[in-house]
Amino acid sequence: MTSVEDLYKAFAVLADAKDKAGEHEKEFRLFLAAAKGNIGEKRLASQFICRFFKYFQNAQEDAINVLFELCEDPDASIRKQAVKDIPTLCRACPDKVPRFADALAMLLSSEDAHELSGIQASLYSLFSINNKGALEGIFTRLLQTSEDEEGTDEAVALVRERLLRFLLTKVKQTGDLEKDVEDYIMQQCRKLLEDVTKDEFISVMELLRSLKTMSTVQSRQQLVEMVVEQAGLDEAFESSDPDCVDRLLHCIRSAAPMFSKNVHSKPFVTYLCDEVLPVLDKLASPDEDTNIQLEVLKTFAEISEFAGDIDKTEKRVDTVFTALLNYMPLPPSDEKEDLTVEEPKLNFSQVECLMFAFHQLARKCPGFLTDDANAERLKDFRTRLQYIARGSQICIKRLKEALQGKTGDALRTEENKKRIVALKLFTNITLLVKDLMHNPPAFKVAITLSWRPTKEIKSAEGSENTKASPVTGQKRNITPITYEGSNGKKTSPKQARTLYQPPSGKFSDKAGAYSTNTLSNNRGGRGGQRRGGFRGRGRRGRRGSASADSGFYQNKI
């Protein structure tokens, strides 16, 4: 029976032997035997094994197994001691880092906060010793847990969640990783994405976007291709399946930061045109508080700017145009008997999204409006544009009156923040209409979509406003949009018959600021059907707490 005194004697022998400690394997194996003893003996065994491990090649495999057993000991103090000692062993033997990183990763399901902190500290130490080796161990564990049937084990789910969070934090803190290390992360994440839940997908994408290599066009293009695979664009779109809709939105929003003039959004733009816009009114929402049609249109507008050269341009532009006309009704009839008919409802938020997307895509197909065969289409479109423009100008006037003279904190109230965003929305529509009313239609104006963040407004009288976001107190000269009356003469909205009553009171009780992060904060368990979930196991979290914004000013003018 080994005693504590025997362990200290064996330690003294090995310490005195220094570089010749390997000649005393009997003493080293005494430490291995002590791992079966009492608490004190086990703790000493852990320390001494890690201290002299490098000298005993023939006993290393047995020593590793003993340490693994100590890491899973029923006594928490022994587990903590073994976890703490492992970096000492790895500093002397960096090639063992992958195995111990894998072992430590398995322990992350611990519910003891202090123990969990110690495990993470040891993992951080392994990164400083051999960062690629530590990554190999962690990804081995992540990919291994993917093979668990149905992914129902809550401990496995917790390990994956904590590992991904740990990786993200570590990679961000490290900053400059070697190119081969970043390439390795990319390769392993591609494998991992074959089998992830929604929350895991979001974490993996955030991890990849944090890599330094994402500053290159080639890496960003690779990431977009990975997301395209995950989105399942080769599959039929199921508008009635909320999980299918949710997955598509998450994928597009994850790839959106990568899009540029060199990295195109073409696969997603064409898929939305072909599969989603035609069934826009049938989309099933993943959350009852989410206006899913508006969320899809906002996402479509954001990525339309970087579509590049799309195939079947005229057909897809026509799809966007048709969707836009659904939200741009003709003005009420001039006939007296029709004056009592309820005026059409205008959804300005949807109009901004689709008009912006049409403005971006139609420039690739200028004949869509200007060809002789499309003269009636252009005439009808301009009539609708005038109707929308007059309503927008009325709202701009009302909003400016409401914001007149407000500065500082007064502009930061929730109500006034909504008014400022609404002012951007109506101004954007007005600017786009002016471009499209040119003869021939122009596609030159550049705007910032109303829900996109802009510089904080310090004063209504200030000069820090963006060109598409005028604020009260600073007049903007907007040229009235003219149109041809029944007598063939040019008239302006001021001269036209009054058809509209400006909105009164609050424009919309559901107005709210949009955030691209709202769908990224979902935390969920596992389970559910494979169909409609993220690719692989089909595990997904609880349905997202997506933005409850149902759009500004879906009201009757």
Side-chain angles (χ1 to χ4, degrees), residues 277 280-281 297 301 314 317-363 365-397 425-445 447 478-503 551 553-557:
L277 291 184
L280 189 64
D281 59 336
L297 291 179
E314 185 170 359
V317 169
D318 184 58
T319 300
V320 179
F321 184 73
T322 301
L324 174 59
L325 293 188
N326 289 335
Y327 292 100
M328 291 180 60
L330 288 166
S333 171
D334 288 339
E335 298 296 330
K336 291 183 179 180
E337 58 269 21
D338 292 337
L339 291 179
T340 58
V341 175
E342 183 179 357
E343 294 170 7
K345 180 179 180 180
L346 301 179
N347 297 293
F348 290 103
S349 294
Q350 286 85 340
V351 169
E352 179 195 18
C353 298
L354 284 165
M355 191 178 291
F356 178 85
F358 176 75
H359 190 267
Q360 295 295 321
L361 300 180
R363 66 182 64 186
C365 185
F368 182 80
L369 291 175
T370 58
D371 287 350
D372 292 339
N374 298 328
E376 286 300 318
R377 171 190 289 168
L378 179 59
K379 181 179 178 181
D380 174 83
F381 187 43
R382 283 181 168 167
T383 302
R384 297 171 190 263
L385 287 172
Q386 292 155 9
Y387 182 70
I388 286 290
R390 287 189 291 186
S392 295
Q393 290 172 4
I394 291 170
C395 290
I396 287 173
K397 180 180 178 181
L425 183 153
F426 290 119
T427 302
N428 284 346
I429 291 175
T430 300
L431 293 172
L432 290 170
V433 169
K434 286 179 64 177
D435 237 20
L436 295 170
M437 288 293 291
H438 273 282
N439 192 12
F443 304 96
K444 297 179 180 179
V445 69
I447 67 169
I478 298 177
T479 306
I481 297 170
T482 60
Y483 63 96
E484 291 188 8
S486 57
N487 57 4
K489 296 182 179 180
K490 296 284 185 178
T491 62
S492 71
K494 291 184 178 179
Q495 299 169 326
R497 174 179 65 82
T498 301
L499 289 175
Y500 315 95
Q501 294 296 325
Y553 308 100
Q554 299 185 20
N555 58 295
K556 179 180 68 177
I557 294 292

Practice item. For the residue pair Leu425 and Ser349, establish whether any side-chain heavy-atom pair is separated by less than 4.5 Å. Key: yes

Check your understanding: At what distance, to the nearest 0.5 angstrom, does CG of Leu369 lie from CG of Leu436?
Key -> 7.5 Å

Review point. Which pair of non-hydrogen atoms, one from Pro329 and one from Tyr387, has the smallest distance, and what is that distance?
Key: O-CD2, 3.6 Å

Review point. Between Val433 and Ser392, is any pair of side-chain heavy atoms under 4.5 Å apart?
Key: no

Revision key, fill the gap. Taking every heavy atom of Ala362 against every heavy atom of Phe443, the minimum-distance pair comes out as CB-CE2, 3.7 Å

**Study point:** Reported OG1-to-CD1 distance for the pair Thr427 and Ile447, which is rounded to 0.5 angstrom
**Key:** 10.0 Å

Review point. Nearest heavy-atom pair of Gly367 and Asn374: which atoms, and what distance?
Key: O-ND2, 3.0 Å

Pairs of donor and acceptor atoms involving the side chains of residues 352-361, under 3.5 Å and at least two apart or interchain, shall be tabulated with distances.
residue	atom	partner	partner atom	Å
Glu352	OE1	Ser450	OG	2.8
Glu352	OE2	Asn428	ND2	2.9
Glu352	OE2	Ser450	N	2.9
Glu352	OE2	Ser450	OG	3.2
His359	ND1	Arg363	NH2	3.2
His359	NE2	Asp435	OD2	2.8

Check your understanding: What pair of heavy atoms forms the shortest contact from Ile429 to Phe348, and how long is it?
Key -> CD1-O, 3.6 Å

Exercise for review: With ring-ring contact (aromatic ring centres under 6.0 Å, His included) as the test, would you mind laying out the steps for Phe381 and Phe321 before giving the verdict?
Suggested key: CA-CA 10 Å; Phe381 187 43; Phe321 184 73; 5.0 Å; yes

Review point. CG of Asn439 to OG1 of Thr370: how many Å apart, nearest 0.5 Å?
Key: 9.5 Å

Exercise for review: Apply side-chain contact (heavy atoms from CB on, under 4.5 Å) to the pair Arg384 and Leu330, showing each step before the final yes or no.
Suggested key: CA-CA 5 Å; Arg384 297 171 190 263; Leu330 288 166; 3.7 Å; yes

Practice item. Answer yes or no: is there a side-chain heavy-atom contact under 4.5 Å between Arg377 and Asp318? Key: yes

Practice item. Starting at CG of Leu324, measure out to CD of Gln350 and round the result to the nearest 0.5 Å. Key: 11.0 Å

Check your understanding: What pair of heavy atoms forms the shortest contact from Ile388 to Tyr327, and how long is it?
Key -> CD1-O, 4.4 Å

Check your understanding: How many angstroms lie between OG1 in Thr430 and CE in Met437, if you round to the nearest 0.5 Å?
Key -> 12.0 Å

Practice item. Might you point out which heavy atoms bring Leu277 and Leu297 nearest each other, and give the distance in Å? Key: CD2-CD2, 3.9 Å

